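Right, one structure below, let's go through it.
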Amino acid sequence: MELVVQKYGGTSVGDTERIKAVAQRIQKTVRTGRQVVVVVSAMGKSTDRLVSLAQDISANPSRREMDMLLSTGEQVSIALLSMALQELGQAAISLTGAQVGIVTEAAHSHARILEIKTERIQKHLERGEVVVVAGFQGITASSELEFTTLGRGGSDTSAVALAVALQAARCEICTDVPGILTTDPRLVPDAQLMAEVTADEMLELASLGAKVLHPRAVEIARNFGMPLTVCSSWTNDPGPAVVSLPTQEAGAQTAALELSKAVDAIEFDDLQAKVALLRIPDQPGVASQLFGTIAEQNVDVDLIVQSIHQGNLNDIAFSVAKSDILRAHAIAEGFCARFGGNPAEEVEVDERIAIVAIAGAGIIGRPGIAAQMFTTLGDADINIKMISTSEVKVSCVIDQHDLDKALKVLAETFATPLKSPLANPEAKFPAVRGAALDREQARIAITEVSDEAGVAAKVFGALAQNNISVDTIIQSQRCRRSDDGRLTRDIAFTLARSNANAASAAIETLQSRLQFKEIQVDSQIAKVSVVGAGMLGQPGVAAKLFKAFSEAKINIQMIATSDIRVSCIVAETDGAEALKLAHAAFALGSSTPENIAT
Ligand code: ADP
Ligand code: ASP
Ligand code: MG
């Protein structure tokens with residue numbers, strides 16, 4: 001008999017009427033001759049309410065007690081949903097994560113699933129019962145049987161992990177939208193349903209703020225080839241299939257559900273050259289004009305990094321194919337002169353660079369991985385000139401001379417094969433598939449850090465030790481002499497706002513070793529991103545985005561790109577508007593073959 005796992009989110013079980021409606025929907029599925037395992041979240045906003053209760057008591061409650069508290073939310077909804085099913089005459093039983101045996105790491109508040117025992121669920125399924133499992137929670141393997149939670153939004157991950165463990169035919173995430181849309185319909189009403197999205201794109205979108213799916217749920221689905229769909233809880237429409245292109249064969253088994261390898265591949269590209277523009281005005285329209293001109297000349301820009309401004313000046317660095325460097329250099333010089341700068345001093349071209357990157361969905365939420373890459377390079381005495389990260393990739397620009405050494409040490413550290421070349425244009429995919437907004441980020445800048453090998457390792461190592469994940473890391477382009485004569489750079493990164501204070505405190509402890517000038521924390525930011533697997537090899541995607549912002553006079557504070565996304569940090573107050581503009585700039589709201597109207 002075919003088995004499906006259905007997950008119902010908080011809104012879908014927000015009150016007793018909805019719970020009854022969900023019970024009917026589940027019963028319909030059972031009547032089509034399938035076995036059903038249901039995963040539910042806590043009712044409505046009840047997890048938020050529990051969090052605020054804790055905050056009334058303590059500014060910094062222990063993670064263990066938070067797990068004890070938050071795991072009660074799901075226990076309420078599983079019991080009520082089972083009652084509702086029984087009321088319809090459908091045999092059902094509710095089980096907590098501990099009762100099922102959802103075994104996790106001991107990391108409270110962000111535990112990863114190691115293993116799921118299936119015996120008890122199987123026994124109930126064989127009796128014809130619907131099994132209703134509490135999402136978001138698990139239990140440690142130790143004899144203490146500690147309760148753990150997976151991190152906010154983690155019920156999606158519980159559902160996909162259960163589907164894999166039970167070898168279900170598919171996993172359906174039932175929620176308050178009809179499927180995965182081009183962006184958040186609450187912010188952009190003309191968001192369109194996507195007919196298809198690749199796992200890599202979905203991973204980026206999910207980690208850049210599209211909360212419709214928990215990124216780790218996408219990771220597991222991808223790793224195990226589990227068919228994953230998002231559908232509405234209110235209709236019986238199954239919703240379009242979304243996550244395609246599994247990296248492993250369907251049904252493949254690895255030792256642990258979530259703890260399979262963090263890094264899937266080491267990538268490199270030594271065909272790129274770097275152009276940097278220093279001290280250009282920090283005002284709306286600058287990036288748009290620069291990259292607009294570059295796109296007009298059909299030059300494809302790969303990595304773009306714009307770090308924090310100093311006063312009203314900014315640096316922008318980007319990489320282009322070595323074969324395009326003369327054209328890119330000329331454009332940069334013309335641009336610099338137009339803003340009254342001196343091209344001889346303010347445009348730098350470096351043809352002797354190479355990009356090395358580690359990639360893998362397992363990097364998400366594991367702050368130690370990027371730090372490990374920086375440490376590996378630092379220990380080998382390799383200076384990192386530029387860093388650009390996404391949650392699933394960390395790219396470093398280094399001297400071309402160091403490439404062989406870098407690849408060797410990275411391959412040893414991560415025991416991972418080399419994938420080459422870095423560039424892999426996927427012409428069949430649209431350049432931009434969706435847009436996302438993250439308004440829960442803060443930016444930290446550390447100014448005038450000594451420019452030497454191993455600095456990034458120290459900074460991000462200290463954060464990793466405190467279990468703080470960072471998203472976008474940007475290391476400034478320009479080296480400056482500090483007052484005491486040191487050669488310095490600035491390092492900026494974004495992270496969850498809730499971690500900003502802890503991160504700042506952790507970095508403060510490095511002051512005597514790194515001798516930086518100051519730590520600046522800005523919580524009033526928003527990150528707007530566009531994602532598409534066809535972006536690579538299509539000049540002008542970034543330029544189009546920058547132009548849309550420039551026309552609306554939105555200043556871009558920081559830029560970071562990877563091969564399938566462009567992210568811009570803007571003022572928090574500009575966030576929602578910037579998302580709408582990004583969505584419109586790529587015509588995501590109109591019907592195209594990729595975007596079928598709901
Ligand atoms: P649940 O409680 O069911 O887990 P969530 O609130 O976590 O639901 O996720 C669903 C919400 O995600 C939608 O209501 C929508 O506002 C938001 N969302 C953000 N980006 C997207 C997107 N690209 N596609 C669909 N929904 C999105
Ligand atoms: N109830 C948890 C939360 O609100 C888990 C989830 O809904 O996925 O984050
Ligand atoms: Mg959710």
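The first residue in the sequence is number 1, and the count goes up from there. Just so it is clear, the structure is predicted and the values come from calculations on it, not from any experiment. Ligands are counted one by one from 1 in listed order, and the atoms in each one are counted from 1 as well.
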V30 vs V130 side-chain heavy atoms within contact, under 4.5 Å: yes
Can a salt bridge be assigned to the pair K20 and E87 using a cut-off of 4.0 Å between side-chain N and carboxylate O? no
Just by distance, no angles: are the side chains of H583 and T183 close enough, under 3.5 Å, to form a donor-acceptor pair? no
Side-chain contact test, heavy atoms from C-beta onward, threshold under 4.5 Å: evaluate it for M66 versus V51 and give yes or no. yes
Validation row: T148, I139 side chains within 4.5 angstrom (heavy atoms): no
For ligand 2, protein residues within the heavy-atom limit of under 4.0 Å are S41, A42, T47, E74, F136, R152, G153, G154, S155
Among R186, R433, H214, which one has a heavy atom closest to atom 14 (O) of ligand 1? R186
Donor-acceptor pair between R565 and S567 side chains, under 3.5 angstrom: yes
Can you see whether T32 engages R34 through a side-chain donor-acceptor pair at a distance of less than 3.5 angstrom? yes
Element-labelled atoms of ligand 1 that are located less than 4.0 Å from some non-hydrogen atom of T175: 1 (P), 3 (O), 8 (O), 10 (C)
Which ligand 1 atoms does K7 reach within 4.0 Å, using its non-hydrogen atoms? 1 (P), 3 (O), 4 (O)
Is the shortest side-chain heavy-atom distance between I116 and V103 below 4.5 Å? no
Part of T183 within contact of ligand 1 (heavy atoms, under 4.0 Å): backbone
Nearest-0.5 Å distance that lies between atom CD in Q6 and atom CZ in R170: 8.0 Å
Could an N or O of ligand 1 be found under 3.5 Å from any N or O of L181, whether backbone or side chain? yes
If you compare P178, C174, G10 by their heavy atoms, the one closest to atom 2 (O) of ligand 1 turns out to be G10
Can you find an N/O atom of S12 closer than 3.5 Å to an N/O atom of ligand 1? no
Looking at G9, which atoms of ligand 1 are within less than 4.0 Å of one of its heavy atoms? 1 (P), 2 (O), 3 (O), 4 (O)
Of the side chain and backbone of D176, name the one, both, or neither that has a heavy atom under 4.0 Å from an atom of ligand 1. side chain
Determine whether a donor-acceptor pair (N or O, by modelled atom type, separation under 3.5 Å) exists between the side chain of E440 and the backbone of R497. no
V177: numbered ligand 1 atoms lying under 4.0 Å from its heavy atoms: 13 (C), 14 (O), 25 (C), 26 (N)
Give me the nearest non-hydrogen protein atom to atom 26 (N) of ligand 1 as residue plus atom name, then the distance to 0.1 Å. V212 CB, 3.4 Å
Would you find a donor on one side and an acceptor on the other, under 3.5 Å apart, between the side chain of E201 and the backbone of A533? yes
Identity and separation of the nearest protein heavy atom to atom 6 (O) of ligand 1: K211 CE, 3.1 Å
Hydrogens and angles aside, do T494 and Q441 bring a side-chain donor and acceptor to less than 3.5 Å of each other? yes
Under 4.0 Å from a heavy atom of G179: give me the atoms of ligand 1 that qualify, with their elements. 25 (C)
Which residue and atom name correspond to the protein heavy atom nearest atom 15 (C) of ligand 1, and how close is it? D184 OD1, 3.3 Å
If we only count heavy atoms from C-beta on, is the H110 to T149 side-chain gap below 4.5 Å? no
